[in-house]
> 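Dropping the structure in here first, questions after.
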Amino acid sequence: MPELPEVETIARTLAPHVRGRRVTGHCLLNPGTLQGDVPLSILTGGTFAAPGRRGKLLLLPLHVADADDGPDAVIGVGIHLKMSGRLFVYPAGTEPGPHTRLIFDLDDGSRLFFDDARKFGYARVLTPAVLAAWPFWTRLGPEPLEIDAAAFAARFAARAAAIKALLLDQTVLAGCGNIYADESLFRAGIRPETRASTLSPERLHGLHAALQEVLRESIAACGSSIRDYRTARGDAGAFQNSFRVYGRSGERCLACGAKLRACKVAGRATVYCPRCQK
């Protein structure tokens, strides 16, 4: 599943193609892709602003002329890519492919496709009322690149759960998944199954710095491409070439040479170095 760096990269690479473009129509090819009760037709005539992100959710803000500021005013569209979702802008006249689930037609003739081979992804029209009543949105934790070290440590300090499980919990911190949890814990020298409450403020501050470092490096590399992920330009990310532990169980640690081990934390495959991570 694309994590924070991948969704951030998609937002950035999509921006030149959709920012300032007016929605002239849509085509919903898979009804299950649309969640919520607000119809897509309400978006017609609106103009896309620069795409953004909240956690792993891609945001396509929309300006609707003469719209009021009430609870039903359109904010935009939220798209969760899940396992295999992709967003591409194609030239006028491009026909949908076998995995195309949703199309937005734009005023220059181009077409924004949401393709999703596994059909796990979804789109939702966002209004103030929708956001206020959507548990997924209201429970999202802070952004890891915006929270400071003290506030970060405070979110983990009194928790008895494994530190990796908490990093994966989107209500604790929004946007971090399996890849960046493993990589940041390695850089911070912390064993993934360690109880968060046993970590000192200094070690939690170190984890905060490691996580921000890993996320920024991945964004600079356009994310990690393991299977399905591609940028909105169709390019693969490159950060997988810099993995130090993720997916490397049984290989040698790049820092100390010890054999990397695997375990499960919160039901997720986890790789760590028994020597570097205490």
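All values below were derived from every heavy atom in this structure, side-chain atoms included, with hydrogens, water molecules and symmetry-related copies excluded. Every value quoted in this text rests on a predicted model; they were computed, and no experiment measured them. In this chain, numbering begins with 1 at the start of the sequence shown.
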> Can Leu167 and Phe156 be said to form a side-chain contact (heavy atoms from CB on, under 4.5 Å), step by step?
CA-CA 9 Å; Leu167 286 172; Phe156 294 91; 3.9 Å; yes
> Kindly compute the distance separating CZ (Arg248) from NZ (Lys259), expressed to the nearest 0.5 Å.
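Output value for this atom pair is 12.5 Å.
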> In terms of side-chain heavy atoms, does Ser218 have a donor or acceptor partner in Tyr180 at a distance below 3.5 Å?
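Distance-only check passes for Ser218 and Tyr180.
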> Membership question, hydrophobic clusters at under 4.5 Å side-chain separation (ILVMFWY): are Val271 and Leu211 in the same one?
no
> Which heavy atom of Gly121 sits nearest a heavy atom of Asp116, and at what distance?
N-OD2, 2.7 Å
> Distance alone, cut at 3.5 Å: any donor-acceptor contact between the side chains of Ser224 and Tyr246?
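No donor-acceptor contact under 3.5 Å links the two side chains.
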> Between the side chain of His205 and the main-chain N/O of Phe152, is any donor-acceptor distance below 3.5 Å?
no
> So, for Leu57 and Gly78, which heavy atoms are closest and what is the spacing to 0.1 Å?
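Taking Leu57 first and Gly78 second, the nearest heavy atoms are CD1-C, 4.1 Å.
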> Find out if a path of hydrophobic residues (ILVMFWY) with successive side-chain heavy-atom gaps under 4.5 Å connects Phe48 to Leu58.
yes
> Are more than 12 heavy atoms from other residues, nucleotides or ligands located less than 6.0 Å from atom CG of Asn241?
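More than 12 heavy atoms, drawn from other residues, nucleotides or ligands, come within 6.0 Å of this atom.
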> Any idea which heavy atoms bring Pro274 and Lys278 closest together, and the distance?
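Reported closest heavy-atom pair: O-NZ, 4.4 Å.
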> Between Arg203 and Gly189, is there a donor-acceptor pair closer than 3.5 Å when you use the side chain of the first and the backbone of the second?
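Side chain of Arg203 to backbone of Gly189, a donor-acceptor pair under 3.5 Å: yes, one is there.
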> Consider only side-chain heavy atoms of I, L, V, M, F, W and Y, link residues closer than 4.5 Å, and tell whether Val74 and Trp137 are in one cluster.
yes
> Is there side-chain contact between Val38 and Val130, with at least one heavy-atom pair below 4.5 Å?
yes
> Hey, are the side chains of Leu29 and Pro96 touching, using non-hydrogen atoms and a 4.5 Å cut-off?
yes
> Give a yes or no answer on whether the side chain of Arg101 reaches the backbone of Asp115 with a donor-acceptor pair at less than 3.5 Å.
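No; judged by distance alone, with no hydrogens or angles, the pair does not exist.
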> Are the side chain of Gln170 and the backbone of Gly141 linked by a donor-acceptor contact shorter than 3.5 Å?
no
> What's the separation between atom CG in Leu199 and atom CD1 in Ile190, rounded to the nearest 0.5 Å?
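Leu199 atom CG to Ile190 atom CD1 measures 5.0 Å (nearest 0.5 Å).
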> Within a reach of under 6.0 Å around CZ of Arg216, are more than 12 heavy atoms found that belong to other residues, nucleotides or ligands?
yes
> Between atom OH of Tyr272 and atom CZ of Phe186, what is the distance when rounded to the nearest 0.5 Å?
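Going from the OH atom of Tyr272 to the CZ atom of Phe186 covers 13.5 Å.
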> Are Leu166 and Leu168 connected into the same hydrophobic cluster when the rule is that any two of I, L, V, M, F, W, Y join if their side-chain heavy atoms are below 4.5 Å apart?
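They do not share one cluster, since no chain of ILVMFWY contacts under 4.5 Å joins Leu168 to Leu166.
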> Are Asp182 and Arg268 within salt-bridge range, i.e. N to O under 4.0 Å?
no
> Between the side chains of Gln35 and Arg124, does any donor sit under 3.5 Å from an acceptor?
yes
> Would you confirm whether Arg252, through its side chain, and Leu260, through its main-chain N or O, come within 3.5 Å as a donor-acceptor pair?
no
> So do the side chains of Leu126 and Val77 get within less than 4.5 Å of each other, counting heavy atoms only?
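Not in contact.
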> Show, in sequence, the C-alpha distance, side-chain angles and deciding distance for Phe104 and Leu87, and conclude whether the side-chain contact (heavy atoms from CB on, under 4.5 Å) test is met.
CA-CA 11 Å; Phe104 291 108; Leu87 285 162; over 6 Å; no
> State plainly whether the residues Arg54 and Glu143 are in salt-bridge range, i.e. N to O under 4.0 Å.
yes
> In this structure, which one of Thr270, Val245, Ile163 forms a side-chain contact (heavy atoms from CB on, under 4.5 Å) with Leu185?
Ile163
> For Ala117, what residues pass the side-chain contact (heavy atoms from CB on, under 4.5 Å) criterion, not counting sequence neighbours?
Ser84, His99
> Looking at every heavy atom in both Pro51 and Pro61, which two are closest together, and how far apart are they?
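Smallest interatomic distance, heavy atoms only, reads CA-CD, 3.9 Å.
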> Hey, are Lys119 and Thr33 close enough side-chain-wise for a donor-acceptor pair under 3.5 Å?
no
> Is there a donor-acceptor contact under 3.5 Å from the side chain of Arg155 to the main chain of Ala151?
no
> Look at the side-chain heavy atoms of Ile, Leu, Val, Met, Phe, Trp and Tyr, link any pair under 4.5 Å apart, and say whether Leu14 and Phe114 land in one connected group.
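Linked within one cluster.
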> I'd like to know whether OH of Tyr90 has more than 12 heavy-atom contacts from other residues, nucleotides or ligands below 6.0 angstrom.
yes
> Atom CZ in Arg86, atom OG1 in Thr231: separation rounded to 0.5 Å?
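Going from the CZ atom of Arg86 to the OG1 atom of Thr231 covers 10.0 Å.
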> Do Glu183 side-chain atoms and Ala181 backbone N/O form a donor-acceptor pair below 3.5 Å?
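Not confirmed, Glu183 side chain does not pair with Ala181 backbone.
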> Looking only at atom types and distance, does a side-chain atom of Glu8 sit under 3.5 Å from a main-chain N or O of Arg53, one as donor and one as acceptor?
no
> Starting at OG of Ser225, measure out to CD of Gln240 and round the result to the nearest 0.5 Å.
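It comes to 5.0 Å.
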> Do Cys176 and Leu4 touch side chain to side chain, with heavy atoms closer than 4.5 Å?
no
> What's the shortest heavy-atom distance between Glu193 and Arg191, and which atoms?
OE1-CG, 2.9 Å
> Name each donor-acceptor pair under 3.5 Å that joins a side chain in residues 17-26 to protein atoms two or more places apart or in another chain, with its distance.
residue	atom	partner	partner atom	Å
Arg21	NE	Asp107	OD1	2.7
Arg21	NH2	Asp107	OD1	3.3
Thr24	OG1	Asp105	O	3.1

> Please work out whether the ring planes of Trp134 and Tyr122 are parallel, tilted or perpendicular, with thresholds of 30° and 60°.
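Rings of Trp134 and Tyr122: perpendicular, as their planes differ by over 60°.
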> Counting C-beta onward and ignoring hydrogens, is there a side-chain heavy-atom pair between Leu173 and Pro142 closer than 4.5 Å?
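In short, these two side chains touch, coming nearer than 4.5 Å.
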> Using a 4.5 Å cut-off on heavy atoms from C-beta on, say whether the side chain of Leu62 contacts that of Leu43.
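They are in side-chain contact.
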> Rounded to the nearest 0.5 Å, what's the gap from CG on Leu102 to SG on Cys27? Could you check?
8.0 Å
> Can you tell if the side chain of Leu140 reaches within under 4.5 Å of the side chain of Thr171, non-hydrogen atoms only?
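Result no, sub-4.5 Å side-chain heavy-atom pair not found.
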> Would you indicate whether the side-chain heavy atoms of Arg261 and Cys273 approach each other to under 4.5 Å?
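No, their side chains stay 4.5 Å or more apart.
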> Identify, with sequence neighbours excluded, every residue that meets salt bridge (Lys or Arg N to Asp or Glu O under 4.0 Å) alongside Glu217.
Arg187
> Grab the two heavy atoms, one from Pro128 and one from Gly70, that are nearest each other, plus how far apart they are.
CG-O, 3.7 Å
